[in-house]
Amino acid sequence: MEEIKNIRFGCLVKKGRAEVHEMPLAEVKDNQVLVKQLECNICTADYTQWLGLREHNGYPVSGGHEASGIVIKKGRDVVDLEVGDFVAIANNYCGSCEFCRSGRESECKVRASYDEHGIYKGRMGFADYFIRPVTSVIKMNNDLTPGEAAFLEPVATVVKGINKLRLKPFEKVVVIGAGTMGMINAMTVRAYGGEVIVSEMMENKLETAKKAGFTTVDPTKDDAVKKVMEFTDNKGADCVIVAVGNTNANIQAAKMLKKMDGRLLVFAANYPPPQIGITANDIHYRRMEIIGTYLADLKEFLEASKLLNIHKIDVKPLIEKNKYYLDDINEAFKEASSPGKYRVSVLLHKD
Ligand SMILES: [Zn+2]
Ligand SMILES: [Zn+2]
């Protein structure tokens, strides 16, 4: 194995400025793997930081959490991963706190401590090499590209939401928003046997949804509620997934639901916080369920790896053609932040 002394990683140093910094590579401990990270996709959480919308998190941010790569070294306690295995990055968790022990790894008491690297804070997805606990990487199939495998985390968060929604086969589901997360929601609902109609205002995203085979509605041109009624034989949708953080979308969602027992999944946040736009009486008389979701636990990461590995969902259309080398990471953030973009990938090695 080539001798690696320093790792190079992308980090945000201030609003609108991403740079490449270096730090020494540590020793690989018994329960860790050294991953040669290949690609990391820029998530909304990353570029909103670049845009300065989450400055409360402070700088420098060594973020990036949608990454994949190859195991090039492993500690002696690592039993079911080999050098050469292709992996994607999952969340860190300790495995021993009360939350981890009850299957709620996303609430791990010490989760944040894994993101502290001296003055830098973040998941280090934009590093060319990184040492990770074996518990926070998941094996992926070699026939996925690094950019596709890097979708493990966003797919896991979608699986979490759909599990919370208790989706049943053949249910009719509206997904509002055909951005990256809306599209993953639509694809996953379809993979689980639901029938989907996608509502989207932006032309290029509408086109992506259509090309992926979804029935679509453009609320700027059509009466979206009426369209949903047609799609559902005038019954209304069993579920609406709101994958945009927008008050009007939430108001429409409640109107699209079936009269009784509809379920509304609030998938996205925004700043300032959007309103739901319905009263307690609406929820009471219509026996409506409002379900929130955020992050994913280990079991959803495993489920998400299956969805990707057996090609039950195809995330290729959700990756922008233009890819950027690590040295050009600031340009990558610029593109990722411009309207209408799907995931922009950063290539962490030139060969
Ligand atoms: Zn993400
Ligand atoms: Zn824990």
Side-chain angles (χ1 to χ4, degrees), residues 10 12 18 31 37 39-51 53-54 57 61-69 88-116 121-127 130 132-138 140 146-162 177 179-185 187-188 243-245 267-271 293-301 304-305 307-308 313 315 318-320 329 332-333 335-337 341-346:
L12 305 178
N31 62 346
Q37 303 192 135
E39 276 186 50
C40 185
N41 295 333
I42 300 178
C43 175
T44 313
D46 298 313
Y47 76 70
T48 49
Q49 265 168 350
W50 183 85
L51 287 169
L53 300 173
R54 295 176 186 226
N57 291 328
V61 184
S62 54
H65 56 271
E66 299 182 3
S68 68
I89 307 309
N91 286 347
N92 290 310
Y93 64 96
C94 76
S96 56
C97 74
E98 59 175 311
F99 298 113
C100 286
R101 283 159 67 102
S102 63
R104 291 149 67 197
E105 296 85 3
S106 61
E107 295 170 70
C108 175
K109 280 182 176 171
V110 293
R111 190 172 163 235
S113 68
Y114 290 91
D115 293 344
E116 283 168 24
K121 273 197 178 64
R123 301 288 314 282
M124 283 283 186
F126 299 119
F130 204 64
R132 298 189 179 275
V134 64
T135 48
S136 75
V137 300
I138 289 178
M140 303 301 285
E148 289 165 25
F151 272 73
L152 178 67
E153 188 265 350
V155 174
T157 63
V158 166
V159 169
K160 177 79 177 181
I162 288 168
T180 305
M181 299 317 294
M183 285 299 296
I184 299 174
N185 267 291
M187 289 171 177
T188 306
V244 291
F267 192 86
N270 207 347
Y271 303 92
T293 191
Y294 175 54
L295 301 177
D297 295 306
L298 181 61
K299 73 174 195 309
E300 288 90 24
F301 275 95
S305 72
L307 274 171
L308 286 161
I313 60 170
V315 294
L318 310 182
I319 304 171
E320 293 292 334
I329 190 166
F333 270 99
E335 173 158 356
S337 312
K341 293 291 174 182
Y342 287 99
R343 287 296 193 259
V344 172
S345 307
V346 178

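Numbering of ligands and ligand atoms starts at 1, following listing order.
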Practice task
May I ask you to determine how many protein N/O/S atoms are under 2.8 Å from the Zn ion (ligand 2)?
Solution key: 4
Problem - Closest approach of Gly245 to Ala268 (non-hydrogen atoms, all atoms of both residues) - result: N-CB, 3.7 Å
Problem - Apex the Zn ion (ligand 1) - arms NE2 from His65 and OE2 from Glu66 - angle rounded to 10° - result: 120°
Problem - Any N, O or S atom of Asp46 closer than 2.8 Å to the Zn ion (ligand 1) - result: no
Fill in the blank from the handout: In terms of heavy-atom contacts, Tyr93 and Cys100 come closest through CB-SG, 3.7 Å
Problem - Charged N-O contact under 4.0 Å between Glu105 and Arg111 - result: no
Handout entry: The single option from Glu66, Arg132, His65 passing side-chain contact (heavy atoms from CB on, under 4.5 Å) against Ile89
Key = Arg132
Practice task
Indicate whether any N or O donor in one side chain lies under 3.5 Å from an N or O acceptor in the other, for Asn91 and Arg123.
Solution key: yes
Handout entry: Nearest atoms (heavy-atom pairs only) where Ile184 meets Pro154
Key = CD1-CB, 3.8 Å
Exercise for the section: Using the Zn ion (ligand 1) as the apex, give the angle to atoms SG (Cys43) and OE1 (Glu153), rounded to 10 degrees. Expected result: 170°
Handout entry: Check: Glu116 side chain, Ser113 main-chain N or O, donor-acceptor pair, under 3.5 Å
Key = no
